[in-house]
Structures are given as C-alpha cells and as structure tokens.
Amino acid sequence: MAENLVWRLVCRYKVFFVVGFIIFGIQIFLAYKSLSLSNSASYEDATYLGQSSLTDIKAKSATGADSTGDDEDSNNPSLLGNKRQQSASSSFSSNNVDLNGDTLATATLISPQQLGFVPPCDIISKDAISALQRAKTKDCRQHIAGIACAIQSRKFYPKTLPSYCPSNHTANNLLGCFRDEKKFRLLSGYFVNFKTSNTVEKCIQLCLQSGYPYAGVQYSTECFCGYDAPPEASKLPDSTCNMKCSGDQQAICGGYFAMNIYETGIAKFTAQIAESGVKRNATDEDNIRIAFLLTLNGRALRQVHRLLKSLYHTRHVYYIHIDERQDYLYRNLLELEKKFTNIRLARKRFSTIWGGASLLTMLMQCMHDLLNSSYQWDFVINLSESDFPVKKLEKLEEFLWANRNRNFVKGHGRETQRFIQKQGLDKTFVECDTHMWRIGDRKLPTGIQIDGGSDWIGLSRPFVEYVIQNKDSDELLKGLMIIFRHTLLPAESFFHTVLRNSKFCGTYVDNNLHVTNWKRKLGCKCQYKHVVDWCGCSPNDFKPEDWTRLQNTESKMLFFARKFEPIINQAIILKLEEWLYGPYPTDALNLHSYWQSFYNIEDKPTKQDDLTLTIAESLVRRLSRQWNTKQGVILELNHYMHSDQYKGYLLRFKTTDAVKNKTYELESRIRPVQYAKFAKNSKFAKRLKNFEISSDYDQKEQVSRNYHKFLGPYTDLVLTFTFVGSASHSPKDTSHSYNLTLLWIDPMGRLQDFNELHIEDSQTDNINYSKAILKQPLCPGIWTVKLIGRSAIYAQTKFLVTPLAFYNHQPIQTERARLINAGDGLTLSEDFSLPEEWIQYLPGHEESLQLKNLALRNALRTGEQLNEWVDDLTGKFHHFRETCAVNEDATKLSTASLEMLPLCRDTSWSTLAPDPKSDVYKLANIKR
C-alpha cells in the first residue's frame, strides 16, 4: 500500500523530481569544477577574509613599496587631461611595464645578438626578459641573465632556514581536532582560502612566516593562523576532522567547523617595552657611547655641519659614509678629520640608489669598519642629512643607558602577508646600471618569520657583532644575505628579520627612535620609478605647519625627526633648535639665510655641466666687461635663500686686472627672471600666481628644484603655477570649473606642444604643474607659453632655453652645434590639424618666417659668435644684483670710476658671510 502511494506521488510530480535532480547534478558539477581550478605555487588564488580582499591588495600594492603607511592615489588631482602625457608611458620592445614593473604584454624572447652574449640558459621569466631589453650595458645584462638562470635552476635561494629564537613549541606538532564557531574563531589572527592548493605544510609555513605560533586547516580549503592555543573544551574526536586537503588528497584538512590545529614551532612574539625615566647615578662613570653612522648624499654641507653640531660630544664617534658620486661633500667633510679625532669618513664608498641592494651593502661595510676601529661604542644609530634631533643628546644617552643591549627597529604595523606583497619581498630584484630591475617572482624560505618596516635603526654592539662576524658562516645569516642582496628596500627588512629569528629576538624594541613626516597623498607619487621597477613612497619635509607633531615628541621615546631640507624650509629647523637649546644671541647674524652649492670647479664633470658651464662662462664674461677685467675663471655656484625665499644664485670667480695684471676673487649675486603677464580684466587671471617654467619638479614637496632656471636643449620643461583662493568666494557660492589649454611656442614661432587643463574653484592654494612632452634637443632661444581659454589669454610667460657652448665639457664644435642648437624639428606632426581658434595666438606667416631664419642662422654660430649670442640671451634672463670682494685687495680694482667693493664676509648674502647655525668648528674652538 505504501509503495503504491509513493509510486503515485512520483508519477504525479515526476516533472518536479526531474527538475530537482537536474539542479542537484548541476550543483555537484559546479562544486567539482570550483575545486579543480588551477592554482599557482604562490598565494595569488587566496581569498583574504578579515583583512583586505585580494583584489584590493593587488590594487593597493600598485601604489608602492613604502614601509609603513596607507596607499594613496598617485595621480595629480589638480591637472587632468594632459593629452600627450597619458600616452607617453615607457615601452620596451614588446613589453609595456606598469608602475610596479608588471609586464603587461607577453615578452618576446631576446636573441644573443641583442644581448651581446649567449646567456647560460633559455630565460623564460617575462620580467627578466623585459629587464634584459631595457638594461643599457652588457655587464648589467650579463648580471641579470646570470641571476635569472641561477633562479631557474632552483638552486639559488635557500628553501628553508633555521630560526634560533627560543621556543617551547614543536614545529608541525598536531594538537588535535577542535570545534570552531563562525562568530568566535579559534584562530582569529589571519585567514586565507586556498581553493585548490591547501596543504597542512603550506598553512603551517604561511602562519610561521607571519609570526603566528598556531596554524589550523579546516573544510579542506581553509587556513587559519592565531596567537593563542585552542581551549581543551573545544577538543573533538579526531574522526570529526575528515575532509581531504584541496592540495593533498593524502592528508586531512579539518572538517565542517572542525579544525586540525598545529604548532608552527615559534613562540608568540612580543616586542620589548623600552625603559624610560631611569636616571643615572651622578657617580656612575659607565657612560653610554654611541656610533652615529651618517649616510650622506647630495650637497647640503651646511646642514650636515648643523646636524653634527647638535649631536657632538667627545665620547661618541661620528662615522660618515658619503655617496661615491658626491665629491663636493666628501672633500669638504674630509677637513673635519683634521680637527676632530672622533669624526671619520668611510674610505670605501658606494654609489647607492633609492631602494637599492647597495644600501644594505653600504651599511654592513660601515658597521664592519666601526667594529674594526679603535673606537669604543655601545650602539650604532644611522642618520642622514635629512634627520635632526628632537631631544638633547643627554636625553638620548640616558635612554640608551637604561636600555643597554636592546635593539631599536620599527615594524611595519600591518598584516605580514600584505607587507610582503607591498614591499615586493616575494619578487627578485637585481641592481645594476643604477637601477633595481625586477626579474621575477620568488618563494621566500620556510622556517623563519618575515619582518620589516623602517630602515632607520638603533642597534646594540653585541647584535652588530653577531651579524657582521657571522654573515659568512651562520646558516641563517648566509641565507638571508642571499635573499636580501636581491630585495627591494633590503635595509627596511634585513635587520628586523635577523632579530626575529636569532637568539637576539628578546631584545627587539618596536621603536626606531624617529618620528617621520608621512603625508601619503603627496609622498606616494611613484617618484622613484626611474630607478626601480616598483612604485615607492617617501616622507615629506617638515614645515612650520607641522610644528605640533614635533612638540608632541617631548613626552615620547622619540629622539630624531625626519625629513628636514633647509633649501625647502629652514624656519622649522631654526624653531626646533631654539626649542631645544634656547634662542641664539640677539646679535647672531644670518639666522634666516641658507646657502647650498650646485657646482664647484673641483667636482667630477657630469652631463649637466655643459649647460651650467655655458651660462656661468657667459656671466663671467659679462662681469669681466663690467669691471673692465680679463676673462675670469668660475670657481663655484651656490643657491642663496633668505627667509625661505629664493634670492638668486651666487657665482664665485677669479678675474685679472687688465692694468695691474693682478688676480682677484669676487662673488656676485644673480637673479634668474622670466617674463610673466596676466590678463588685467580677468578675475580668473588675478588668481594665478607664480606662472613660470622650470624643471625637476618635485611632486612630493610641490616645488621645482631647478631654482636657478638653467634650461637647455635637453631639459624636460614643466610649467608650475598657483591658483589662489578668491576673497569673495565662499562655500555657499556655486563652484566654477575652467577648461584651459597651454600652448608651448618655440623660438621659431612653432606650436610644439599643448596641454589641456581642467581646474576647479576648490583646487586653490596648491601648486599645479604640467609637463611638456617635447622632442629633444629643444630649439634654443626665447620660448613662450600661453594659457588660453575659449576666447582669451589668461597668462603667458617668456623663458630662455640656452644654446650650448660646451659639449662634453669642451667648447662645442661646428657640426655638434648645428645638431644641438638648431633643435630637432617639430614635436607635433606636420599633419596635425591646428584648431582654428588657436591660430590667433601664434605668430603670423611673415613673423614665423623671420623667426625661423634667425634661429637657423644662430644655430650655425660657434666660437665668439656663439658666445655673443649666449651673452645676449643670458643678459635678458639672468640679472646681476650685487658683487663683493673675497679679499681686501679686490675691494678696489684699478679702474678709477669703480666704487669700493664690499668685503664678502661683511655682506649678508655672500657664502663667506657669518653662519653661526652651521659653525661646527666652533665646537673645537677653531676658527676657519
């Protein structure tokens, strides 16, 4: 009876049964397919819950390899639609590379003929092939190929490394099967879903790498990490965990809300809390001794002197490494060794780049030198010329005395796997040709925790001795050295990772003694992509508006701040100094002045010197004619700032009296000028300020670093201006937007480029910029840039592109002059359709013809004729302001009509004027 009833029900509802069976079958098929998706050996197939989604992580990682902060949009919000900038991204053969170096198109194989040698293997990595196509020298290509082939052999990187940090946990120890709950996870530190590749070993190593003592696998595909052991009350029978691992059908990976939990082998890491407020006994002679390791680059000599002055004490040592290319800084700081026995310069110097492996090599060499020196020291603290103390030296001494043998580093403060991706630690980089080339992915070794953050550190002598003396014998150190020699930003992770995995793990203090001025919207502009295949961030300079941040360090265990650049803002440094040490004497001179060299006759020649020499020689010729002396010799060029305003550049030179045949040394101040005009009857034009052309625009600091406006045929031109707020504009007013066009017109009257700009009323009081994409060499002479709207010119400026009178530091020859000083034709194609409304803003046919003929005649000039042309141009755009005599003899030249020249040391503007802020020699009671 029951069977008949069932049969009748089946017959009556057979359609529903069939449909349900089909749906069930489809679900089973889809479930099977989802488990069968291919998966790479990396974690790229993971779904991150409780953190950020993988999509978000990948998108955000494109903004940089900074050590601590959030990701920011790298686009300039002020200027949109710069037509040719959008299409001018670099391409290399068949590869296009994005900001992080990702190959966007399939790389084509590169032949031995293109390489210049036969590589040791058939290179298959797209990134390595792209790097080989872009590398400029054969040595660099050979280096890249050698590393790429060694990695392909799978014998280059260590697969596992030991950890010496003490632990009472047993690696891979199964604790059992435990009941999990959706709302209260047993292991809540980190979660990842490996859909097709989950294994017990993979999950354990992921958790260990991230610093978790416990790893759990669940529901076949899920991996959990946590700090705390599961409660015994949650223990289940082992048979409850009965689902096979998605990546290993021979192993069990938990069950439905049932988790197999393992020990990873490491203990829960807790950074040490530094002692503070401990006072030394007055009779205690066991003073702390610090090795200040100054790693310097650039030409900010006076700021280095100022930093040394603030840190100096006879019991400490000051070891200075100066980049191999910075001869000016090296020559001048070498003088300090004659006066101070505890100031020494490194003789083995390196050429370092941002993010380069050479930075770690340099630090290791300097620490090696310090250990082998006769100096006694307890801590080494690395600083740059951009650092400055925020507490007196005795406060730092007290703090380190209370924390002897501890090590001060700053961790990344984020989830470790995200940090690894953001830093590019899972990629191989090779440094050569002053570039960090990304050549492929890599798998970090198992068995160790990965850590990192800031490359500014304070390390104890025992730890430094361990690292330096054992780096070639200790298995952990040897393996990490291989890894970090091919890592981007290695100094930001190497010492952290050694600390976490060595016997010194208990000395780790999460504090690098610094406060750093991070402003992500300004600092994350991918400004280093010309030297690294990655997108990096950098902190901003402190300015007066940041003063509160510096004041807030008073009650914290922070002793230094960065970054400071006196050429950007000196007022904040002066305020900080007087906050710490009290005000300068009321009669102190030139407290608001700053000088910084940008050329010296003793420097090794560079490519930029051809333009500098051309302009400087012209200035000396003009000055010699003014003083009726013989042609002089350039000695040095310096920028001069007063109250953080650029007051011109200073030219020091020697010249010979035409009558007495006596040589004098003079210094002159010159102001670069450009001729900007604004529409008089336009409200919009009245809000435009500082409409000028320059180069070397720093998006982070929103300033052009070409203060002196030396522009030549090979200069990348940038327009900058400020759109200031309107006094009548209020938040209630309707916001206006302006669609504008920049026209770049060369000395022949030709339109060479245009940029389309869109400006909103809300985008006020920020520096706006637009870069021209022009064919080089540029046509020398007087250029014009016009900012136009639909029917009017809002602003325009005239600026000088100086013809070159030197090539490779020698007077230019005729053929070379014709190639360079004639320009290189049109940037815009000849068939470019010029909009009708633009024609009114360009020279007419007759005028254009005259300008063209004049420019072509000028391009043929060499020798004296070329000098005359250059002198005429510099006379219009580089104006003399004042001159002083270096020595007493030069105050009165032989020409009777001349007035007495002031002594340079008695002026307020000369490089020889008193500068008590940077008088480091006063420490030794020595007069310069």
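Because only heavy atoms are used, hydrogens play no part in the values below, and waters and symmetry mates are left out as well, while side chains stay in. No experiment lies behind these values; they were computed from the predicted model shown. Along the sequence shown, residues carry numbers from 1.
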* Structure fact -> Between L901 and W627, the two heavy atoms sitting closest are CD2-CH2, 3.6 Å
* State, without any angle test, whether K630 and N661 hold a side-chain donor-acceptor pair at a distance under 3.5 Å. => yes
* **Donor-acceptor side-chain pairing of T911 and R652 below 3.5 angstrom** => yes
* Can you check whether Y640 and W909 have ring centres sitting under 6.0 Å from each other? -> no
* To do: Output yes when a side-chain donor or acceptor of N858 lies under 3.5 Å from a complementary backbone atom of L854, and no otherwise.
  => yes
* Asked: Can you name the nearest heavy-atom pair linking A685 to A679, along with the distance?
  -> CB-O, 3.5 Å
* To do: Compare all side-chain heavy atoms of F799 with those of T784 and state whether any distance is below 4.5 angstrom.
  => no
* Residues F721, I759; criterion side-chain contact (heavy atoms from CB on, under 4.5 Å); working and verdict -> CA-CA 12 Å; F721 64 91; I759 300 178; 3.6 Å; yes
* With a 3.5 Å cut-off and no angle check, do the side chains of E692 and T797 form a donor-acceptor pair? -> no
* Over all atoms of both residues, closest heavy-atom pair of Y841 and A792 -> OH-N, 3.2 Å
* To do: Apply side-chain contact (heavy atoms from CB on, under 4.5 Å) to the pair N821 and R861, showing each step before the final yes or no.
  => CA-CA 9 Å; N821 292 337; R861 295 187 184 216; over 6 Å; no
* Electrostatic pair R325:D603 at N-O distance under 4.0 angstrom -> no
* Asked: Do any N or O atoms from the side chain of T883 and from the backbone of S668 form a donor-acceptor pair under 3.5 angstrom?
  -> no
* Asked: Below 6.0 angstrom between ring centroids: does that apply to H639 and F598?
  -> yes
* Polar side chain donor-acceptor pair, T656 to T629, under 3.5 angstrom -> no
* Structure fact -> One should read off an interatomic distance between L774 CG and D824 CG, to the nearest 0.5 angstrom, of 11.5 Å
* Would you confirm whether R669, through its side chain, and K647, through its main-chain N or O, come within 3.5 Å as a donor-acceptor pair? => yes
* Identify the heavy atoms of L778 and T715 that sit nearest to each other, and give their distance. => CD1-O, 3.5 Å
* So do L757 and T741 actually touch side chain to side chain, heavy atoms under 4.5 Å? -> no
* Asked: Atom CG of D610 and atom OH of Y807: how far apart are they, to the nearest 0.5 Å?
  -> 8.0 Å
* Does H878 have its ring centroid less than 6.0 Å away from the ring centroid of F710? -> yes
* Is there a donor-acceptor contact under 3.5 Å linking the side chains of T827 and Q752? -> yes
* salt bridge (charged side-chain N to carboxylate O under 4.0 Å, His left out) between R134 and D533, intermediate numbers included -> CA-CA 11 Å; R134 292 178 285 137; D533 289 347; 2.9 Å; yes
* Asked: With a cut-off of 6.0 Å (strictly less than), are more than 12 heavy atoms of other residues, nucleotides or ligands near CD of E864?
  -> no
* Could you go step by step and tell me if Y594 and Q596 meet the side-chain hydrogen bond (donor to acceptor under 3.5 Å, both in side chains) rule? -> CA-CA 7 Å; Y594 178 69; Q596 185 165 304; 2.5 Å; yes
* Asked: Between the side chains of S829 and D831, is a donor N or O closer than 3.5 angstrom to an acceptor N or O?
  -> yes
* Asked: What closest approach, in Å, do V633 and V620 show between heavy atoms, and which atom pair accounts for it?
  -> N-CG1, 4.3 Å
* Asked: Distance-only, no hydrogens or angles: does the D698 side chain make a donor-acceptor pair with backbone N or O of E701 under 3.5 Å?
  -> yes
* To do: Take L329 and D323 through the side-chain contact (heavy atoms from CB on, under 4.5 Å) test and state the conclusion after the steps.
  => CA-CA 9 Å; L329 206 57; D323 187 279; over 6 Å; no
* To do: Search all heavy atoms of A805 against all heavy atoms of N867 and return the closest pair with its distance.
  => CB-OD1, 4.2 Å
* K662 side, atom NZ; T655 side, atom OG1 - distance, nearest 0.5 Å -> 13.5 Å
* Validation row: N600, L635 side chains within 4.5 angstrom (heavy atoms) -> no
* Before giving the answer on salt bridge (charged side-chain N to carboxylate O under 4.0 Å, His left out), spell out for D871 and R621 the whole-Å C-alpha distance, their side-chain angles and the decisive distance to 0.1 Å. => CA-CA 8 Å; D871 292 353; R621 283 194 299 271; 2.8 Å; yes
* Measure from the side-chain N and O atoms of R687 to the backbone N and O of V724, and report whether any donor-acceptor pair falls under 3.5 Å. => yes
* Structure fact -> So CG of D644 and CG of N569: to nearest 0.5 Å the spacing works out to 4.0 Å
* Asked: Going by atom types alone, do D716 and Q776 pair a side-chain donor with an acceptor below 3.5 Å?
  -> yes
* Residue pair D327, R331: steps toward the salt bridge (charged side-chain N to carboxylate O under 4.0 Å, His left out) verdict -> CA-CA 6 Å; D327 291 329; R331 287 195 312 272; 5.3 Å; no
* Quick one: do the K654 and T663 side chains pair a donor with an acceptor below 3.5 Å? -> no
* In terms of side-chain heavy atoms, does Q699 have a donor or acceptor partner in Y697 at a distance below 3.5 Å? -> no
* If you round to the nearest 0.5 Å, how far is CD of Q796 from CZ of F678? -> 10.5 Å
* Asked: Near N808 CG, under 6.0 Å, is it more than 12 heavy atoms from other residues, nucleotides or ligands?
  -> yes
* **is_close_aromatic(Y675, F877), centroid dist under 6.0 Å** => yes
* Taking the six-membered ring of F880 (Phe, Tyr or Trp), confirm whether the NZ or CZ of R622 is under 6.0 Å from its centre and within 45° of its axis. => yes
* **4.5 Å side-chain heavy-atom contact, P713 and L804** => yes
* Asked: Between the main-chain N or O of N638 and the side-chain N or O of W595, is there a donor-acceptor pair closer than 3.5 Å?
  -> no
* Would you kindly say whether S624 and Q631 are connected by a side-chain donor-acceptor distance under 3.5 Å? => no
* Step by step, work out the salt bridge (charged side-chain N to carboxylate O under 4.0 Å, His left out) result for R705 and E565. => CA-CA 12 Å; R705 292 185 179 269; E565 281 189 276; 2.9 Å; yes
* Asked: Roughly how far, to the nearest 0.5 Å, is the OG1 atom of T720 from the CG atom of N768?
  -> 9.0 Å
* Do the side chain of H809 and the main chain of F806 share a donor and acceptor less than 3.5 angstrom apart? -> no
* To do: Determine yes or no for a side-chain-to-main-chain donor-acceptor pair under 3.5 angstrom, with Q527 supplying the side chain and K525 the backbone.
  => yes
* Flag side-chain contact, heavy atom, 4.5 Å: Q674 against L711 -> yes
* To do: Ignoring hydrogens and angles, tell me if any N or O in the side chain of D609 forms a donor-acceptor pair with the backbone of T612 under 3.5 Å.
  => no
* To do: Give a yes or no on whether the ring-centroid distance for F684 and F723 is below 6.0 angstrom.
  => yes
* Asked: Are N887 and E665 close enough that a side-chain donor and a side-chain acceptor fall under 3.5 Å?
  -> no
* **Exam field: side chain S618 to backbone T614, donor-acceptor pair closer than 3.5 Å** => no
* Will you find, in the side chains of E756 and H758, an N or O donor that is under 3.5 Å from an N or O acceptor? -> no
* So, H642 versus S593: side-chain donor-acceptor pair below 3.5 Å or not? -> yes
